[in-house]
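All residue numbers in this chain count up from 1 along the given sequence.
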Amino acid sequence: MSTELITKLREMTGAGIMDCRNALKENTNDLDKACQWLREKGMASAVKRAGRSAKQGLVNSYIHGAGTLGVLVEVNCETDFVAKTEDFQNLVKEIAMQVAAVSPVYVTREQVPESILESEKAVYKAQLKEEGKPEKVWDKIIEGKVEKFYQQVCLMEQIYMRDTSGKETIKDLVTAAIAKTGENIVVKRFARFKLGEE
């Protein structure tokens, strides 16, 4: 196992040296699998931290181009110390850029109003009827379409714009930051303004 591989995994995940060594050992030196393994382990610690109060943090802005698109985002953490770190500030910037690039409507799926969800399901049902799909498979297909809908409109469900594998979500990005900082991190809210849009 090369030191270079351990260093690379450490840079990708922010995990400790021994954790990176174990992850690579468990996943036969496959960097992607080791990264996922660490993320899964980080998820366990993120769950433990989820109940802790996050009242510090940053409000950050991102203005695109010649001022035609702007984003404000609030991301909270537990302490002022973490809020001032370069890692946390970079995370907030990346989230602001994600909002600018991918135009989410909500932060989490829990914020999607039931009326919007029911309306989407009604559209899917009408489409399936039109396509002549058998009724017994509608529920399963609608479930899949609802998941895709969440991925489009919910920031935390969206694929991170810089992830070339097309698998890492914003939730994964935040979870990795939680594992690295040891603090609860919450994307609180955002606003996106595009010139000429109501």
Side-chain angles (χ1 to χ4, degrees), residues 12-13 32-33 35-52 54 57 59-60 62 64 69-77 91-179 184-194 196-198:
M12 287 167 68
T13 62
D32 289 335
K33 284 182 182 172
C35 191
Q36 185 62 34
W37 188 85
L38 281 169
R39 191 167 287 130
E40 285 164 11
K41 298 293 174 192
M43 185 72 80
S45 50
V47 169
K48 285 180 205 160
R49 294 182 185 104
R52 298 200 327 221
V59 172
N60 197 16
Y62 170 72
H64 184 71
L69 176 67
V71 170
L72 272 178
V73 66
E74 178 183 347
V75 182
N76 299 138
C77 57
L91 172 71
V92 179
K93 278 181 197 161
E94 288 300 304
I95 290 170
M97 287 173 76
Q98 176 85 14
V99 172
V102 196
S103 325
V105 183
Y106 310 99
V107 177
T108 64
R109 63 172 62 199
E110 289 76 24
Q111 292 177 343
V112 179
E114 196 60 39
S115 58
I116 299 283
L117 213 48
E118 290 309 312
S119 171
E120 284 298 310
K121 286 177 182 177
V123 169
Y124 302 149
K125 202 173 274 189
Q127 288 171 347
L128 293 170
K129 193 174 183 180
E130 187 71 29
E131 290 166 14
K133 298 266 194 240
E135 256 188 79
K136 63 181 179 188
V137 297
W138 285 9
D139 286 348
K140 192 87 175 143
I141 294 171
I142 289 170
E143 197 180 304
K145 285 180 176 283
V146 166
E147 283 302 312
K148 282 196 174 113
F149 172 72
Y150 282 140
Q151 286 168 12
Q152 288 175 337
V153 300
C154 302
L155 174 64
M156 298 301 278
E157 309 275 334
Q158 288 180 341
I159 298 297
Y160 175 38
M161 61 180 182
R162 294 195 198 277
D163 179 45
T164 51
S165 73
K167 292 176 184 170
E168 184 180 21
T169 63
I170 294 298
K171 186 177 182 177
D172 293 333
L173 192 68
V174 171
T175 299
I178 290 170
N184 188 21
I185 295 172
V186 178
V187 180
K188 185 81 173 171
R189 57 191 162 165
F190 64 82
R192 186 179 186 274
F193 305 93
K194 189 169 185 187
E197 273 187 5
E198 290 294 320

If every non-hydrogen atom of [X] is compared with every non-hydrogen atom of [Y], which pair is closest and at what distance?
| X | Y | value |
| --- | --- | --- |
| Ile159 | Gly166 | CD1-O, 3.3 Å |
| Glu168 | Asp163 | N-OD2, 2.7 Å |
| Ala96 | Val73 | CB-CG1, 3.7 Å |
| Val174 | Ile185 | CG1-O, 3.7 Å |

Scan side-chain atoms only and decide if Thr169 and Asp172 contain a donor-acceptor pair under the 3.5 Å cut-off. yes

In Å and rounded to the nearest 0.5 Å, what is the [atom1] to [atom2] distance from [X] to [Y]?
| X | Y | atom1 | atom2 | value |
| --- | --- | --- | --- | --- |
| Met97 | Asn60 | CE | CG | 11.0 Å |
| Lys133 | Lys140 | NZ | NZ | 15.0 Å |
| Lys125 | Lys145 | NZ | NZ | 13.5 Å |
| Tyr160 | Glu94 | OH | CD | 3.5 Å |
| Glu157 | Ile170 | CD | CD1 | 11.0 Å |
| Gln98 | Phe190 | CD | CZ | 10.0 Å |

With a 4.5 Å cut-off on side-chain heavy atoms, are [Y] and [X] touching?
| X | Y | answer |
| --- | --- | --- |
| Lys148 | Val146 | no |
| Val75 | Val186 | no |
| Leu69 | Tyr62 | no |
| Gln111 | Cys154 | no |
| Tyr106 | Pro113 | yes |
| Tyr124 | Trp138 | no |

Would you say the side-chain atoms of [X] pair up with the backbone N or O of [Y], donor to acceptor, closer than 3.5 Å?
| X | Y | result |
| --- | --- | --- |
| Gln158 | Gln152 | yes |
| Arg192 | Val99 | yes |
| Ser119 | Ser115 | no |

Taking atom CZ as the centre, does Arg109 end up with more than 12 heavy-atom neighbours from other residues, nucleotides or ligands that are less than 6.0 angstrom away? yes

Atom CD of Glu130: over 12 foreign heavy atoms under 6.0 Å: no

Any chance you could lay out the side chain to side chain contact (heavy atoms under 4.5 Å, CB included) test for Val107 and Lys188, step after step, and finish with the verdict? CA-CA 8 Å; Val107 177; Lys188 185 81 173 171; over 6 Å; no

